[in-house]
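For reference, the structure discussed in these notes is given below.
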2 protein chains.
Amino acid sequence: MRDVAATAGVSLKTVSRVVNDEPSVREETAQRVRDAIERLAFAPNELASSLRRGRAGAIGLVIEDLANPFYSGLASAVEQVADEHGHLLLIGSCGEDAARERELVVRFLRRAVDALLLVPAGGDHSYLLSESGAGVPLVSLDRFASGIELDTIVSDNRGGARAAVDHLLAHGHRRIAVVADRPSVWTWQERIAGYREALGAAGLGEGDRIERTAATADEAQAAVAELLALPQDERPTALFTGNNRITVGALHARHAAGAQTALVGFDDFELADLLRTPVTVVRQSAAEMGRVAAEIAYARLDGEDGPPSHRVLPCELVIRGSGEIAP
Amino acid sequence: MRDVAATAGVSLKTVSRVVNDEPSVREETAQRVRDAIERLAFAPNELASSLRRGRAGAIGLVIEDLANPFYSGLASAVEQVADEHGHLLLIGSCGEDAARERELVVRFLRRAVDALLLVPAGGDHSYLLSESGAGVPLVSLDRFASGIELDTIVSDNRGGARAAVDHLLAHGHRRIAVVADRPSVWTWQERIAGYREALGAAGLGEGDRIERTAATADEAQAAVAELLALPQDERPTALFTGNNRITVGALHARHAAGAQTALVGFDDFELADLLRTPVTVVRQSAAEMGRVAAEIAYARLDGEDGPPSHRVLPCELVIRGSGEIAP
DNA sequence: ATGAAAGCGCTAACAA
DNA sequence: TTGTTAGCGCTTTCAT
């Protein structure tokens, strides 16, 4: 930049003005500077600029697993909003590991990201209180973070789960199993609660619950294989699978067992309509969630204050066949 | 950091040494500094550190579309390698837009990323020659960048395409249509070339080619719907779909038309085995590609020199049913 | 083993 | 409209 200034015969600050499109530079001067920039192939250092300004020109996103379509859809929406604001996007996956999540959060904040969005893994998040003293907008997506009040946007997990199980009940099922994520995760709690509420409303009690957990598609496949191998009078006639990974595992197990067990999954997925038995799902929109979360963050950056906001996005039951199989 | 130094009664430099785990600090001094860090809740500013060091502690990845499972799988693998090296990951999608790609590349370089991986969109990439003068390792994934020689890692697109079409030919097909991506993209050229080679080797000529392009699943669905609506003596009896988006679109069109047209797709996808007609595909590994590309970048950072390297990963034909349907 | 001084490349604040 | 000065928070170099 010094070289550009010398070449153009102006001061450093004038070059800075031109680079940043500040007004109040005479057009003729600006042109001279632009020529010099061109000739020297000058590229400003955004790191230095960020340091001086105290703003990074980037936002951070911490998710569980970039390879999971739910999270990549979410990330894609966040990316788009960031881009509209001229920001770059730092992404990190923590794989439901609280320690790793914290590490990523800390590193992002140390890079002075302008805002931080995260899908909180299980565990206490009060550490965010001190980490974010700096006033960096913090938004929680998909789940509530425990131990701290943040701007949060989630799907109506409980309502969606209840709709799924109600649907199965309405089709005559009484032995309905749920396979869901780790209990430490907020979404799990909600989805399980929805399951129990629906059973309860149908007059079914604790003894009628069949609850399994699975963290991966493989674990889900194993769990469902076990369920389908139960003696007929204990075997569930219907499955409620608590997320997209679990649904995939369950479908494989169901296929391997040659079973026609009814199934409703949480999370829609591509080609669900073209499966051998088209899959009935509770749909939530990862993209919408990502978009809204990013917009909340930018509203905060824009000076919007007030207490942490909570947004709940509705879920939608998409009927395709697998949920309408009779017991 | 100044405050920490004052609190611990040492100089700035000593704090810096402790923060960076440099040796040659007496343990007792180090402990005093660590106490001060703790008490003041000091967090070093990575931006400042990066500026001074001239290295960002991050790498950049430019892909086409984060919401596409192929690219998110690739990104996930890159992320993992970056993490192993203590680096953060900047991601940007350019949606096959050359101008947007360049913008992202420039911004990443201005942030002094330590290495840059990119899936080159169509168009000339000689601009990279000047942009990367700084000696930042540049690796091209999934495609060759035209106009510049870069470390590049691709799948054997031509071989994979040829295997797909050979397979259809072996099952008696003679009117085989290909639906592939934009012609400006390197992978398209290779996959089309493989298609033509296979036809040629079977004694079929230009007149026997049925070639369509589609950039999205929707466009592919429309293109395939048209093909399937052709009079029977012109209608293709088999489809070779050139990427995962196109396969999805084609499957929908095929289903809507109630057709039993044979189909082999490029790119494997989840649940392909559980579709009504399980889908035969040519599988490539996005994860492997991402991992290897990142490792090449780190090898370069490690001082490895020599001319740009080319790595070609093999593809694998996965037989599931849709490719074995008779004409 | 520790510290002082200089400066990475830029922009904010103020001055001319 | 343009320039000067100071300094963002850290690390390098060199001295002690």
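Within every chain, numbering begins at 1; the chains are lettered A, B, ... in the order of the sequence lines, protein sequences first and strands thereafter.
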Identify which one of B:E101, B:E96, B:E190 satisfies the salt bridge (Lys or Arg N to Asp or Glu O under 4.0 Å) criterion when paired with B:R143.
B:E96

Lys/Arg N to Asp/Glu carboxylate O, B:R311 vs B:D151, below 4.0 Å
no

Using a heavy-atom cut-off of 4.0 Å across all strands, would you classify A:V19 as base, sugar-phosphate, or nothing?
nothing

Phosphate OP1/OP2 of D:dC10 contacted by B:S16 side-chain N/O (<4.0 Å)
no

At under 4.0 Å, does any side-chain N or O of B:T14 touch on OP1 or OP2 of C:dG3?
yes

Whole angstroms only, please: what is the CZ-P distance between B:R2 and C:dG3?
16 Å

What pairs of residues pass the side-chain hydrogen bond (donor to acceptor under 3.5 Å, both in side chains) test when at least one of them lies in residues 285-294 of chain B, not counting sequence neighbours?
B:E288-B:R291, B:R291-B:E295

Return the value, rounded to whole Å, for the distance between atom CD of A:E22 and atom P of C:dT11.
8 Å

When the nearest nucleotide of DNA chain C is assigned to A:R17 and to B:K13 on a heavy-atom basis, which residue is associated with the more 5' position?
B:K13

So does A:T29 get a side-chain nitrogen or oxygen closer than 4.0 Å to the phosphate oxygens (OP1/OP2) of D:dT2?
yes

Side-chain-base donor-acceptor pair under 3.5 Å for B:R110 and C:dG9:
no

Close approaches to DNA chain D from residues 45-59 of chain A, in residue order (heavy atom, under 4.0 Å):
A:L51, A:R52

Tell me yes or no: between the side chains of A:N157 and A:S155, is some donor less than 3.5 Å from an acceptor?
no

Salt bridge (charged side-chain N to carboxylate O under 4.0 Å, His left out) between B:R100 and A:D83, intermediate numbers included:
CA-CA 11 Å; B:R100 171 107 187 87; A:D83 181 54; 2.9 Å; yes

For B:L12 and D:dC14, give me the distance from atom CG to atom P, rounded to whole Å.
19 Å

Round to the nearest Å and state the distance from B:R111 atom CZ to C:dC10 atom P.
13 Å

Who passes side-chain hydrogen bond (donor to acceptor under 3.5 Å, both in side chains) against B:D142, sequence neighbours left out?
none

Looking only at C:dA1, D:dG3, D:dT2, the nucleotide nearest the B:R26 side chain is C:dA1

The residue, A:M1 or B:P23, whose nearest nucleotide of DNA chain C is more 5′ is B:P23

Among the nucleotides C:dT11, C:dC10, C:dT2, whichever has the atom closest to the side chain of A:F42 is C:dC10

Carboxylate-amine/guanidinium proximity below 4.0 Å for B:R245 and B:D65:
no

